[in-house]
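Every chain is numbered from 1 and lettered A, B, ... according to where its sequence line falls, protein lines coming before strand lines. Because only heavy atoms are used, hydrogens play no part in the values below, and waters and symmetry mates are left out as well, while side chains stay in. All values derive from a computational prediction rather than experimental measurement.
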There are 2 protein chains.
Amino acid sequence: MQIGQAAKASGASAKMIRHYEAMGLVAPAGRRDSNYRDYTAEDVARLRFVRRARDLGFAIERIRDLLALWSDRGRSSAEVKRIALDHIADLEGRIAGMREMVATLHHLADGCAGDGRPDCPIIEGLAGKNATAAARTAPTARDNPRRAEPPRP
Amino acid sequence: MQIGQAAKASGASAKMIRHYEAMGLVAPAGRRDSNYRDYTAEDVARLRFVRRARDLGFAIERIRDLLALWSDRGRSSAEVKRIALDHIADLEGRIAGMREMVATLHHLADGCAGDGRPDCPIIEGLAGKNATAAARTAPTARDNPRRAEPPRP
DNA sequence: CTGCACCTTCCCATCATGGGAGGGTCAAGC
DNA sequence: GCTTGACCCTCCCATGATGGGAAGGTGCAG
């Protein structure tokens with residue numbers, strides 16, 4: 001089948017399918033005389049695998065590992081599980097970071113009247129020279145190796 | 001003071017400070033004869049504001065709005081609060097998406113022995129033709145306008 | 001005068017994805 | 001046969017926020 005149908009069948013966009021091929025995540029698809037890519041059911045299954053792994057937030061390089069394990073009959077499930085658990089830990093770390101942001105924002109917003117007057121603890125919290133809630137919670141993120149949010153934007 | 005000191009004082013890297021200037025988020029700093037940028041305490045305060053807002057996950061364009069409101073004496077705190085609450089909602093949406101991922105991953109990983117044998121529900125869940133946990137939870141993310149995770153990577 | 005720490009600009013990379021230009025292929029309908 | 005429309009192809013650019021690094025200027029201490 002053509003790439004458009006493979007896209008519908010797998011859930012990945014045609015653009016992404018070509019991209020995955022170009023970056024070597026999936027093997028190059030067969031070609032017809034017209035130079036159109038030609039996909040088999042197996043190709044589609046692999047693309048769906050990639051798509052689902054992306055939906056779970058796995059980074060492409062991790063999916064590369066997962067694909068290799070998938071086609072490795074001698075794999076140990078321990079390897080797969082470790083990747084999954086690492087990813088869970090990663091997600092949980094990011095969730096924690098975002099929850100801190102939300103907590104600080106709630107804290108600031110709760111004190112804000114939200115009316116026509118200019119007085120605003122939110123702005124003050126961001127601007128303040130002294131240690132504000134924003135300043136106090138921020139360092140947690142600042143100390144971390146300068147990464148946060150996950151894949152899948 | 002020079003950019004390096006402004007960086008230390010504000011918490012933003014020198015690289016980022018130049019970037020913010022180039023993109024017009026902050027006004028161009030003064031220059032000495034040497035062409036070195038020269039920062040005042042006010043400049044540093046603005047940079048610190050930006051830094052804190054970034055720590056709370058605000059996107060640059062939102063920070064642009066917040067900076068404008070900060071220096072707008074006639075602002076209404078309602079505008080600021082709306083920006084903050086919108087951002088909270090955004091963060092919470094992303095958190096929910098990631099929690100779904102974590103839940104699905106836990107579900108799959110719980111059934112995985114994690115030993116030397118190849119049998120693995122995680123791989124099967126990703127590969128399965130039928131509706132697996134991965135397939136069932138994924139659509140939630142798939143239906144959304146193709147965005148997820150937040151700023152600050 | 002040398003060395004070192006700092007600054008400057010400019011370009012490239014990340015990560016996954018989309019958009020679009022410019023052009024080829026193919027089947028249906030006239 | 002020819003047009004039309006729906007596909008497909010490749011190539012380039014953009015996103016968002018940040019870092020890395022090259023090539024070269026500045027300024028101070030020894």
Report task. Examine C:dT17: is either OP1 or OP2 under 4.0 Å from a nitrogen or oxygen in the side chain of A:Tyr20? Give yes or no. Result -> yes

Requested in this report: Using atom CG of A:Asp33 as one end and atom P of C:dC26 as the other, report the distance to the nearest whole Å.
Outcome: 8 Å

Query - A:Arg82/A:Glu79 salt bridge by N-O under 4.0 Å criterion - result: no

Report summary line: 5'-most contact on DNA chain C (nearest-nucleotide basis), A:Met16 vs B:Gln2, goes to B:Gln2

Query raised in the report: Between A:Arg32 and D:dC9, is there a side-chain N or O to OP1/OP2 distance below 4.0 Å?
Result: no

**Report entry** Distance, rounded to the nearest Å, where A:Ile3 contributes CD1 and D:dA6 contributes C1'
**Finding:** 15 Å

Query raised in the report: Are A:Ile83 and B:Ile122 close enough that some pair of their side-chain heavy atoms sits under 4.5 Å apart?
Result: no

Requested in this report: Return the 5'-most residue of the pair B:Asn35, A:Lys15 with respect to DNA chain C, ranking by each residue's nearest nucleotide.
Outcome: B:Asn35

Report task. Rounded to the nearest angstrom, tell me the gap between atom CD1 in B:Ile60 and atom P in D:dT15. Result -> 14 Å

Query raised in the report: Is any side-chain heavy atom of A:Leu105 closer than 4.5 Å to a side-chain heavy atom of B:Phe58?
Result: yes

Query - Any A:Tyr36 side-chain nitrogen or oxygen under 4.0 Å from OP1 or OP2 of C:dG24 - result: no

Report task. Quick one: label A:Arg18 by what it contacts on the DNA or RNA (base, sugar-phosphate, nothing), any heavy atom closer than 4.0 Å. Result -> base

Query - C:dG18 phosphate, OP1 or OP2, under 4.0 Å from A:Ser13 side-chain N/O - result: yes

Query raised in the report: To the nearest angstrom, how far is B:His19 atom NE2 from C:dT9 atom P?
Result: 14 Å

Report task. Using a 4.0 Å heavy-atom cut-off across all strands, classify B:Arg31 as base, sugar-phosphate, or nothing. Result -> sugar-phosphate

Query raised in the report: Between B:Leu25 (CG) and D:dT18 (P), how many Å, whole number?
Result: 10 Å

Query - B:Ser34 side-chain N/O to D:dG27 phosphate OP1/OP2 under 4.0 Å - result: yes

Requested in this report: Enter the distance from B:Ile3:CD1 to B:Glu21:CD here, rounded to the nearest 0.5 Å.
Outcome: 7.5 Å

Query - Rounded interatomic separation in angstrom, taking CD from A:Glu21 and P from D:dC11 - result: 12 Å

**Report entry** Any A:Arg37 side-chain N or O less than 4.0 Å from OP1/OP2 of D:dC9
**Finding:** yes

Query - CG on A:Asp55 to CD on B:Glu100, rounded to 0.5 Å - result: 10.0 Å

Query raised in the report: Rounded to whole angstroms, how far apart are CD on A:Gln5 and C1' on C:dA27?
Result: 14 Å

Query raised in the report: Once you round it to whole Å, what is the distance between P of C:dC7 and CE of B:Met1?
Result: 12 Å

